[in-house]
Structures are given as C-alpha cells and as structure tokens.
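Notes follow the structure.
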Amino acid sequence: MRADTHVFDLIAKEEKRQRSGLELIASENFVSPHVLQAAGSVLTNKYAEGLPSKRYYGGCEVVDEIESLAIDRLCRLFGATWANVQPHSGAQANAAVMLAVLKPGDKILGFDLSHGGHLTHGSPANFSGKLYVPSFYGVEAETGTIDYNKVAETARKEKPKLLICGASAYSRDWDYKRFREIADEVGALLLADISHPAGLIAKGLLNDPLPHCHIVTTTTHKTLRGTRGGVIMLRNDIENPMGITDKKGNLRMLSSLLDSAVFPGTQGGPLEHIIAAKAVSFGEALNDDFAKYMVQVEKNADLMAHEFIKRGYKIISGGTDNHLMLIDLRAKNITGKDAEIALGKAEITVNKNMVPFDTQNPMVTSGIRIGTAAVTTRGLKDKDMLKVVDLIDRVITNSQNENILKEVRKEVNAMMSDLPLFV
Ligand SMILES: *Cc1c(COP(=O)(O)O)cnc(C)c1O
C-alpha cells in the first residue's frame, strides 16, 4: 500500500509547527505518547452502540473492558459515582445533558458568552440558545468577578429549569455551594461545566463541584490533558425531578436519562479508540506526577499575570486562580485581532477574546486569552514565564515592526524547538 504522502506531509508540518512555537491557547494541551497511541489504535474499527455489557453489536467483549476501565478511572479521579465517557466533545456532553433534563422551550441560565461563557450555555448561535430560552449572568464591571447576589436575583426573575456554572475565559474559582443554594431556591437543576479547570479540580487545587452540582460535564483535552472528547459525571444519582417515568411507571434516575440522551439521544456509536485514550489519560491524571504538573500550571499562570500587571496590562479580575487569564488590551491601543495576528507572526499562539463590556465585535475583540497548560506540559517553569511575558510584550508594543516580530520569532524557536511536546 502506498503511503498518502499528501496527508502525512501535512501532519509532519503541523507537528513542526507545534514544536517550534509557544502554545498559549488556554483550551489546548499536548497529550502523552501513550494517549496518542491509544487514539490511533485499531479500536477505531469497532462499532459498539450501547453501554458496556448492553451493546447492540457483537464482538464488544474487549471494548467493554476498556470503556469500563475509563469509567472507573474517571470516577476515582473526581470522586464521582457514575459517569458516561462517550460524548465526542464538550459540546456533545452539554447537548446530552440538556436533552436529558429539558424540554424545548424550557429556560436556562448561564454565564454570558461575551464575559467568558461558552456557546453551549445558551448562545443564540448554538442549539442551546435555539431550542431552549436562555438568560445570562455576568461579571461586574469594576471587579471582573461574579456577584452571586446578582446571579440569585436573575434566577428569581427568570426561574430557569437549568442553572449552569462554568466558563471558557473566567480566571477565578467558582462558589458551587452558593450556586446550589440559588438552584434550590428557584427549583432548578444545577450543571457545572468544568471543561477548562477540570485537571486543577481533580487534584484539589480548586473548589470541588461534585458535592454541590446535580450534573458535571467536562472536556477531556484541556487541563485534563487527554484526547479531544467529553464526559458527564454524577456524585449523587437521584430520581429525576422532571417526573419522567419508565414503562413500569417508576421515576427514572438521572443517570439513566443521561445515558439515553448520549445514545441514542444525540450520538450513534461511541469512539472506542478515543475512549481508550481517555482511559489512558485518566490513568495518568491519577498519578502524583499529574498533581505536580497541575501545581506548576497554576503557578505559571499566576507568575505571568503578575508580570503582565507589572508591565501595565489589565488582567480581568486583577489576576488568576486557575490556568488562564483574560487580558484587556484597550490600554495598549491594540485590538485582540491585531494582537493575535502579530503574535502569530512570532509563532506565539493565542486567541483573541471578547472582554466583559467589550466595545468591539467578536471578530475583532479587545482582548486575548492566555493559558499555561500546554507550555507547562512542554516543561516551561517559573523563569521561563517571565521570558514569555517579555516576548509577548515586545510583540504587542511593536506589532507593526516586522523586524522585531522576526527577532522574537527566532527567540521563540530557539527556546522551544528542542523541547519534546510532552516532557
Ligand atoms: C471547550 C468548552 C466546551 C466545548 O468543548 P468542545 O470539545 O470544543 O465541544 C464546552 N464548555 C466549556 C465551558 C468549554 O470551555
């Protein structure tokens, strides 16, 4: 068989790009060679609709063991008692949750997308804002943080069926206990989407949502450092409060509704190669090495935030508790879009991002989002972070000067090219 040089040359080119640059996109990371191996395995050949030992296809004995292992490891990692590891992505996990607990037209309350929330928490461009009726809470202009009393006020006014906490660009920890009080007061179910900080939560570096939230979803590829994918977890399974019954008239458990909402509700056959890769990454995350990694991720972000502030940058909320920060560039007279382009020329990859109360549109934006999970995987530590901020600052203050951008790029390449993707 002849190799498909076209595709494999492009993969090699992408690998070189990943190696030579500084990856600061907060939602990205580099997986271990073992995760990569499982994701590229023969398991991609297998159909396995259904759940372990309850499949619609023959020949599932081995994938049953693999999927059960993934579930067991994930439950151990987060102290969950039930999990579904089949969602193909974070968006699919959230779609399944909403299908399980809502009817079209029901109200949901989530974190404002323009303040750092996620599309799947009610954006009008997304299924969640088309099938359900969304309202939003956000951060305060002065503090850049959530005022929980205002969340409660909005919840009392809107009476959502589902209250959602979690975000894609919020650098502070969440008070899940307070969110549960609000949910209980208005009779809502509470979903925590911990897609970004999941790894930090697993290692006890941030508040634990599982004791307080009815349902928890996460992606597996951000701080958790696994393959691209999603999962759904419960610590306390309950009879669904929506009154949905089985054929015998018994109230169905939340877990059973969630399983059905993943398959056949929103997906077909599970990706067993990806589930195997999830199992490998959950195994890695259970190790002490992963705790050390997470501590360094958090420390690296904190060091960067302080260094940016020292250089006159505005960090939303004035700092970070997790792996990311949102920078308002208006004081530096550059848009998020132009900053992203200039940094890109120096092989520093970030994403432009709306900041709270932004005056630009989403294609331009006034800010950038920066995260430390990926560069920490490559082995960067305290001193390196000060250097990284210096490189970014030089680009942002000289964004039109091609010579300086080239100079910075050479420094970036010198710093990164010899480091493996996964230390
Ligand atoms: C990244 C993210 C998702 C979506 O994950 P995909 O795998 O890209 O679908 C959902 N929710 C939050 C909060 C996220 O940050």
Side-chain angles (χ1 to χ4, degrees), residues 21-29 90-91 110-126 129 136-141 143-146 164-172 174 193-197 219 221-223 297 300-302 304-305 307-309 311-375 388-389 391-393 395-396 399:
L22 260 173
E23 183 52 72
L24 293 167
I25 292 177
S27 47
E28 293 193 10
N29 212 329
F111 190 50
D112 195 330
L113 180 67
S114 69
H115 288 202
H118 193 261
L119 282 164
T120 56
H121 300 178
S123 158
N126 181 260
F136 301 97
Y137 57 88
V139 299
E140 298 304 297
T143 59
T145 58
I146 294 167
I164 308 167
C165 50
S168 299
Y170 187 61
S171 62
R172 295 304 182 179
W174 293 74
D193 176 351
I194 59 168
S195 286
H196 264 270
T219 58
H221 49 276
K222 296 177 184 173
T223 53
V297 165
N300 283 351
D302 190 51
M304 275 186 96
E307 185 64 17
F308 273 121
I309 290 166
R311 291 171 183 249
Y313 286 81
K314 184 180 175 202
I315 308 278
I316 302 300
S317 87
T320 180
D321 298 331
N322 55 30
H323 63 297
L324 65 79
M325 67 209 73
L326 192 52
I327 307 177
D328 185 339
L329 291 171
R330 281 176 287 198
K332 296 282 172 182
N333 283 318
I334 185 170
T335 64
K337 181 185 175 200
D338 289 342
E340 181 189 300
I341 291 169
L343 288 164
K345 288 180 184 165
E347 292 190 38
I348 301 172
T349 319
V350 305
N351 64 283
K352 61 177 178 282
N353 213 102
M354 296 286 273
V355 295
F357 312 100
D358 209 323
T359 38
Q360 299 281 2
N361 71 53
M363 290 308 292
V364 179
T365 81
S366 297
I368 52 172
R369 185 185 63 162
I370 286 181
T372 54
V375 288
V388 170
V389 173
L391 294 168
I392 294 171
D393 187 30
V395 170
I396 286 182
S399 63

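This is a predicted model, so every value here is computed, not measured.
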Specify the closest pair of heavy atoms between [X] and [Y], including all atoms of both residues, with the distance to one decimal.
{"X": "Met363", "Y": "Lys337", "answer": "O-CD, 3.7 Å"}
{"X": "Ala346", "Y": "Val395", "answer": "CB-CG2, 3.9 Å"}
{"X": "Phe308", "Y": "Ile392", "answer": "CZ-CD1, 3.8 Å"}
{"X": "Ala169", "Y": "Asn353", "answer": "CB-ND2, 4.0 Å"}
{"X": "Thr335", "Y": "Leu329", "answer": "O-CD1, 4.1 Å"}
{"X": "Ser171", "Y": "Gly319", "answer": "OG-O, 2.8 Å"}

Can you tell me how far [atom2] of [Y] sits from [atom1] of [X], rounded to the nearest 0.5 angstrom?
{"X": "Ile368", "Y": "Asp338", "atom1": "CD1", "atom2": "CG", "value": "12.0 Å"}
{"X": "Met304", "Y": "Ile309", "atom1": "CE", "atom2": "CD1", "value": "12.0 Å"}
{"X": "His323", "Y": "Asn29", "atom1": "NE2", "atom2": "CG", "value": "9.0 Å"}
{"X": "Ser366", "Y": "Asn361", "atom1": "OG", "atom2": "CG", "value": "9.5 Å"}
{"X": "Ile25", "Y": "Leu324", "atom1": "CD1", "atom2": "CG", "value": "13.0 Å"}
{"X": "Thr372", "Y": "Glu23", "atom1": "OG1", "atom2": "CD", "value": "12.0 Å"}

4.5 Å side-chain heavy-atom contact, [X] and [Y]:
{"X": "Val364", "Y": "Lys352", "value": "no"}
{"X": "Ser114", "Y": "Asp358", "value": "no"}
{"X": "Pro356", "Y": "Ile316", "value": "yes"}
{"X": "Ile327", "Y": "Ile370", "value": "yes"}
{"X": "Val375", "Y": "Val388", "value": "no"}
{"X": "Leu391", "Y": "Leu343", "value": "no"}
{"X": "Thr349", "Y": "Leu22", "value": "no"}
{"X": "Leu24", "Y": "Ile348", "value": "yes"}

One pair to check against ring-ring contact (aromatic ring centres under 6.0 Å, His included): His115 and Phe357. What are the steps and the verdict? CA-CA 7 Å; His115 288 202; Phe357 312 100; 4.8 Å; yes

Between [X] and [Y], is any side-chain donor less than 3.5 angstrom from a side-chain acceptor?
{"X": "Thr145", "Y": "Ser317", "result": "no"}
{"X": "Arg172", "Y": "Thr320", "result": "no"}
{"X": "Tyr313", "Y": "Asp393", "result": "yes"}
{"X": "His196", "Y": "Asn322", "result": "no"}
{"X": "Arg330", "Y": "Thr359", "result": "yes"}

Residue list, salt bridge (charged side-chain N to carboxylate O under 4.0 Å, His left out) with Asp112, at least two apart or on another chain: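 Asp112: no salt bridge (charged side-chain N to carboxylate O under 4.0 Å, His left out) contacts found.
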
Looking at Phe111 versus Phe136, is the centre-to-centre ring distance below 6.0 Å?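 No; Phe136 has its ring centre 6.0 Å or more from that of Phe111.
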
Can Arg369 and Ser27 be said to form a side-chain hydrogen bond (donor to acceptor under 3.5 Å, both in side chains), step by step? CA-CA 10 Å; Arg369 185 185 63 162; Ser27 47; 3.3 Å; yes

Just wondering, are more than 12 heavy atoms of other shown residues or ligands nearer than 6.0 Å to NZ in Lys332?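 Atom NZ in Lys332 is crowded, with more than 12 foreign heavy atoms closer than 6.0 Å.
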
Is there a side chain to side chain contact (heavy atoms under 4.5 Å, CB included) between Cys165 and Tyr170? Walk through the geometry before answering. CA-CA 11 Å; Cys165 50; Tyr170 187 61; over 6 Å; no

